[in-house]
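All remarks here apply to the structure that follows.
Labels below follow one simple rule: chain letters A, B, ... track the order of the sequence lines, proteins then strands, and each chain is numbered from 1. If you're wondering where the values come from, they're calculated on a predicted model, not measured in any experiment. Keep in mind that the numbers below use all heavy atoms, side chains included, and drop hydrogens, waters and symmetry copies.
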There are 2 protein chains.
Amino acid sequence: MTVISKIARMARWQPGARERLQATALQLFADHGFEQTTVAQIAHAAELTERTFFRHFADKREVLFAGQEDFLDLFTDPIDEAPAGTPAYELIRRSLDGAGGFFPDERRPFARVRASIIGTEPALQERELAKLAALKVRLGELFRERAIEEPAATLAAEAGVTIFHLSFQQWIAEGEQRSMSEIARERLDAMAALVSA
Amino acid sequence: MTVISKIARMARWQPGARERLQATALQLFADHGFEQTTVAQIAHAAELTERTFFRHFADKREVLFAGQEDFLDLFTDPIDEAPAGTPAYELIRRSLDGAGGFFPDERRPFARVRASIIGTEPALQERELAKLAALKVRLGELFRERAIEEPAATLAAEAGVTIFHLSFQQWIAEGEQRSMSEIARERLDAMAALVSA
DNA sequence: GCGAGTGATGTCATTAACTGACATCACCAA
DNA sequence: TTGGTGATGTCAGTTAATGACATCACTCGC
C-alpha cells in the first residue's frame, strides 16, 4: 500500500490543493515556459483536475498572482493606523516600511524565479501592471479619504507604487543583499531629494 | 448585379479590411458587450473571416488598441525635437502639447464609446495599462538618453503618463468642452504647483 | 450513532480564442 | 506572358474557460 493511498483512506482529498497548484505551476513554468505549459499538465502534476485548477484561479495567469487581498492590506494597514493629518509623504514611508516585512530574504529566490517567468511573457506583465494599478487605486482612495486633494492624491499614490516597484526590482536584482525595507527607504529618500531640489 | 459584385470584379478584396474590422468591432462591442461578441461575429459583419481578423490583430482585445506606434510617436516626436539640456518638466510639457493634436474634438464621441467599452471589461483595462506602461518605458528611455538620472527619469516618465491619463479621462468626461491640450496644460500646472509648494 | 446537509472535488460537454498549413487569385513587374 | 507577391479563404487542431451535474468524506444536530 502506498503512502498516498494510506492518506487517501484518511481524507477525501489531499489538503493544500491551492498551494500545490501554485508550486507545481511555478515549477513547470520555470522549466518549460508559461505558454508551453498547459493547465491540464499543471493539474495532473498536482494530482488534481483541470476543473479544480479553475475553481482556485480565475485564469491560468492568476496562479502566479493569487493573494492580492493580503498584498493590498500590507500597504494599507500602516496607513489606516497613522494619525489623521499625517502628510502624504509620511504615509508612503510607513506604507513601504510595513510592506517590506512581506519580503523577507527567504522569499528572494522564489521572487526571482517568479519574476523571470513574468519577464518572458507579455501576458503576465499585463497582469502584474493590473495588480500594481489596483494598489495605486486603493492608495489614492485612502489619500482622498484623508482630505488630500486631487491631483495630489493620485500623484502620491503613483509615486508610492513606483517607488515600491523600483525597489522590488532592485531587491531581486543579481547580487543585491539589502532588505526590501532598506532599499525602499533609499529610493524614497532619492525621490524626496528630487522634489525638494 | 450588386454594387459589391461590381467592385469584386475590379478588385480581389474590398480595401480597408483592417479599418472595417475596427469599426465593426466597436459597434458590436458597444451594442452587445465585449465578452458577448465573438470574433466570428465581427469578421462576418465585416464580410471577412475569423482568420483574417487574427492576421490584422494579435488578439481580440487588440482591435481596440491598434496604432500603438503612431500613438507613441505622438509623444516622443516633440521630445526628439527639443534642444539638448531641456529640463524634464519642459519635455513633458512639449510632449503633452504635441500629443494633444491627436485628440481633436471630432474624436471625442468615438473616444467616449471606446472608453465606456473598456471601462466595463477588466481584460481591456489590463491592455490599456500595458499600452500606457509602454509609453512610460519609452519616455523613461528618452529622458535617460538626455542624461536625466534615475530615479528622476522614471518618475518624470511616470508623472507625464499620469498627467496624460488624468487629462484624457477629463477630456471624455460628460459635458467637458475644453480641448485636450488645454486640460493637459491645466493638469500639468497643478502638478507643478504641488511640487513647488 | 445516524441522516441531512456542506464543501471540495471529479466528470462531461461545450464554446470560443487562437494557430499552423496550405490553397486561391487579382495584381504587378520583368 | 508568365511568374512572383500579398491579402484573403479554408480547414483542422489545440487549449483556455465555463456550466451542469455527480460523488463522497466530513460534520452537526438529534
Side-chain angles (χ1 to χ4, degrees), chain A residues 4-26 28-29 32-66 117-118 121-127 130, chain B residues 1 3-25 28-29 31-66 117 121-124 126-127 130:
Chain A
I4 287 179
S5 60
K6 268 186 201 162
I7 294 173
R9 262 197 303 126
M10 296 162 59
R12 174 89 175 88
W13 323 286
Q14 304 237 27
R18 187 185 181 82
E19 292 69 26
R20 229 157 63 233
L21 285 167
Q22 289 180 112
T24 309
L26 190 82
L28 292 175
F29 291 164
H32 311 118
F34 176 80
E35 282 290 350
Q36 282 62 47
T37 305
T38 68
V39 173
Q41 285 167 6
I42 299 167
H44 185 253
E47 299 185 276
L48 292 164
T49 63
E50 208 175 334
R51 195 65 185 85
T52 297
F53 179 96
F54 285 111
R55 286 211 181 85
H56 284 281
F57 307 104
D59 58 50
K60 184 183 171 186
R61 287 175 283 165
E62 198 62 18
V63 72
L64 283 174
F65 294 93
I117 295 168
I118 293 174
E121 200 64 43
L124 295 172
Q125 292 162 36
E126 273 191 7
R127 180 57 52 86
Chain B
M1 179 172 292
V3 173
I4 287 179
S5 59
K6 269 187 200 163
I7 294 173
R9 262 198 305 128
M10 297 163 59
R12 173 92 175 89
W13 324 283
Q14 303 237 30
R18 186 186 180 82
E19 291 69 26
R20 232 159 59 235
L21 285 168
Q22 288 180 115
T24 308
L28 291 175
F29 290 165
D31 289 350
H32 310 119
F34 176 81
E35 283 288 351
Q36 282 63 45
T37 305
T38 69
V39 173
Q41 284 167 7
I42 299 168
H44 185 253
E47 301 184 273
L48 292 164
T49 64
E50 209 177 332
R51 194 67 184 83
T52 298
F53 179 97
F54 286 112
R55 286 210 181 86
H56 284 282
F57 307 103
D59 57 49
K60 184 182 169 186
R61 287 176 281 166
E62 198 62 18
V63 72
L64 284 174
F65 294 93
I117 295 167
E121 202 65 43
L124 294 172
E126 272 190 8
R127 180 59 51 85

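- Per the geometry, CH2 belonging to A/W13 stands 4 Å off C1' belonging to C/dA8, to the nearest Å.
- Distance from the side chain of B/K60 is smallest to C/dA17 among D/dG19, C/dA17, D/dG9.
- Counting to the nearest Å, the P atom of C/dC18 and the CZ atom of B/F57 are 13 Å from each other.
- Between A/H56 and C/dA8 there is no side-chain N or O to OP1 or OP2 distance below 4.0 Å.
- Rounding to whole angstrom units, CZ of residue B/F53 and P of C/dC18 are separated by 8 Å.
- Spacing between atom CZ of A/R127 and atom P of D/dA16 amounts to 14 Å, rounded to whole angstrom units.
- Contact between the side-chain N/O atoms of B/T52 and the OP1/OP2 oxygens of D/dT8 is not found at any separation under 4.0 Å.
- Counting to the nearest Å, the C1' atom of C/dT15 and the CD atom of B/E50 are 11 Å from each other.
- The CD-P distance, from A/E121 to D/dA16, rounds to 12 Å in whole Å.
- Between the P atom of D/dT23 and the CZ atom of A/R51 lies a distance of 18 Å, rounded to the nearest Å.
- One atom, CG of B/L21, and another, C1' of D/dG9, lie 14 Å apart when rounded to the nearest Å.
- For DNA chain C, the residues of residues 34-44 of chain B within the heavy-atom distance limit of 4.0 Å (strictly under) are B/T37, B/T38, B/V39, sorted by number.
- If you find the closest nucleotide of DNA chain C to B/R55 and to B/D59, the one lying nearer the 5' end belongs to B/D59.
- The side chain of A/F54 sits closest to D/dA17 out of C/dT9, D/dA17, D/dT8.
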*Worked check of side chain to side chain contact (heavy atoms under 4.5 Å, CB included) between B/E62 and B/D59*: CA-CA 5 Å; B/E62 198 62 18; B/D59 57 49; 3.6 Å; yes
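- Side-chain N or O atoms of B/R20 include none that pairs as donor or acceptor with a backbone N or O of B/A45 at under 3.5 Å.
- Every side-chain contact (heavy atoms from CB on, under 4.5 Å) that A/Q125 has, sequence neighbours left out, goes to A/I118.
- In this structure, NE2 on B/H44 lies 11.5 Å from OG1 on B/T24, to the nearest 0.5 angstrom.
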